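The structure presented is a predicted model; accordingly, all values stated were derived computationally and were not measured.
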Number of protein chains: 6
Amino acid sequence: MKISARNVLSGKVVEVIAGAVTSHVRIDVGGTIITAAITNEAVEDLALKAGDEACAIIKSSDVMVGK
Amino acid sequence: MKISARNVLSGKVVEVIAGAVTSHVRIDVGGTIITAAITNEAVEDLALKAGDEACAIIKSSDVMVGK
Amino acid sequence: MKISARNVLSGKVVEVIAGAVTSHVRIDVGGTIITAAITNEAVEDLALKAGDEACAIIKSSDVMVGK
Amino acid sequence: MKISARNVLSGKVVEVIAGAVTSHVRIDVGGTIITAAITNEAVEDLALKAGDEACAIIKSSDVMVGK
Amino acid sequence: MKISARNVLSGKVVEVIAGAVTSHVRIDVGGTIITAAITNEAVEDLALKAGDEACAIIKSSDVMVGK
Amino acid sequence: MKISARNVLSGKVVEVIAGAVTSHVRIDVGGTIITAAITNEAVEDLALKAGDEACAIIKSSDVMVGK
């Protein structure tokens, strides 16, 4: 499935930190660590664990710029 | 100013593509290109241009994971 | 590719309305019309047109409730 | 009150799953289940419970398309 | 209709700036100007104009903090 | 650091309500209380507490209008 989000960044899961409701998934994208906050249900659904190949998916309208 | 967003990714602007209302700003973060869609007003306000040092700022709750 | 968003709603594209920068894509999901605003670039990239099978993808944290 | 979001989808609450901080509210919109993640405070404020008539409200810019 | 978003801020429209696709609506909320970017279709749908009583509606998860 | 978000609203933190995973930070902006939901990690990182000068930062595309 192709997706309309402009940022589909391939990388590797380095860590999954489970919380009460949401988990923080840290993905290494070419040396840059990107953190996603997703539901625990989603972590289970995708069977996410450290070492997995995974994409960080971000709509361009959700990226701000700082200078 | 420090910001609560968990992803503040330093990089370099490689391209600013102006549209009718919004501009696409492509930022090279350690070899990964991240695209932001921001208002033309913001581009002017930050005087953004190719070659600038800039950060891509993304809340962790705006990052999805695909596997 | 499976995705962490909790709402992946299968349907059929009924209309693609191109704008200067973004397009409105109307998707019929089981009789309910859901409107997406995506970049013209994404419409081209996915070669979206009326009649296509497509999914409306929405993070649960982006859904508000009104009563 | 009318709202600027393009997707105001009328339906019926089928389930409210309370978490530590946020609740998942599943709304049946014409046979399609849409899941919202809202604060427990909002669930209380709207006195949401299964069987209620309610709307799933989603900005068009928060809907992605997958094909 | 009550809404789950935690920030429903009553104010007065001071300006509607129409763009090619989206309009910027500036709302004076107790002396603070808040800018919304909504579709031109929504401006028409709500018949928004300067002087109108209106609310700026923002989910708490869409508010970042800077210090 | 200047940021592309159109709403950077200076105010004072009136309350930080810690939850299991996220905290609610209430900021008084010229008499208007704006609530942010951010991660507990971000609260620690910014050492946020009642009385602090802080900004509520909101992208214009994340502000809806109700009338």
Side-chain angles (χ1 to χ4, degrees), chain D, chain E:
Chain D
M1 179 172 68
K2 242 183 165 183
I3 189 166
S4 58
R6 293 300 72 196
N7 299 291
V8 181
L9 311 170
S10 303
K12 182 169 278 196
V13 175
V14 294
E15 200 179 5
V16 178
I17 307 153
V21 179
T22 49
S23 295
H24 278 184
V25 181
R26 299 176 66 238
I27 301 173
D28 180 341
V29 174
T32 297
I33 300 293
I34 294 183
T35 303
I38 63 174
T39 60
N40 293 344
E41 190 193 300
V43 170
E44 247 172 76
D45 195 18
L46 273 66
L48 278 174
K49 61 188 181 315
D52 284 352
E53 301 292 327
C55 297
I57 301 171
I58 311 154
K59 289 182 299 160
S60 55
S61 57
D62 281 336
V63 181
M64 284 162 288
V65 180
K67 183 182 149 186
Chain E
M1 178 173 68
K2 243 183 161 180
I3 189 165
S4 58
R6 292 301 71 196
N7 299 291
V8 182
L9 312 170
S10 304
K12 182 168 279 196
V13 175
V14 294
E15 199 179 7
V16 178
I17 308 152
V21 179
T22 49
S23 294
H24 279 182
V25 180
R26 300 176 65 237
I27 301 173
D28 180 343
V29 174
T32 298
I33 300 293
I34 294 183
T35 304
I38 63 174
T39 60
N40 293 344
E41 189 193 301
V43 170
E44 246 172 77
D45 195 19
L46 273 66
L48 280 174
K49 61 188 181 314
D52 284 353
E53 302 291 326
C55 297
I57 301 172
I58 311 155
K59 290 181 301 159
S60 54
S61 57
D62 281 337
V63 181
M64 282 162 289
V65 180
K67 184 184 149 186

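Across every non-hydrogen atom of Ser23(D) and Val16(D), the tightest pair is CB-CG1, 4.4 Å. Residue Asp52(D) comes nearest to Ala47(D) through the heavy atom pair OD2-O, 3.3 Å, listed as atom of the first residue, atom of the second, then distance.
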Derivation of the side-chain contact (heavy atoms from CB on, under 4.5 Å) call for Val63(E) and Arg6(E): CA-CA 10 Å; Val63(E) 181; Arg6(E) 292 301 71 196; over 6 Å; no

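More than 12 heavy atoms of other residues, nucleotides or ligands lie within 6.0 Å of CD in Glu15(D), so this atom counts as buried by the packing criterion.
Ranked by heavy-atom pairs under 4.5 Å with chain D, the first of Ile38(E), Leu48(E), Leu46(E) is Leu46(E). The greatest number of non-hydrogen atom pairs below 4.5 Å with chain D, out of Asp45(E), Thr39(E), Val43(E), is found for Asp45(E).
If you measure heavy-atom distances from Ser61(D) to chain E, you find no contacts under 4.5 Å at all.
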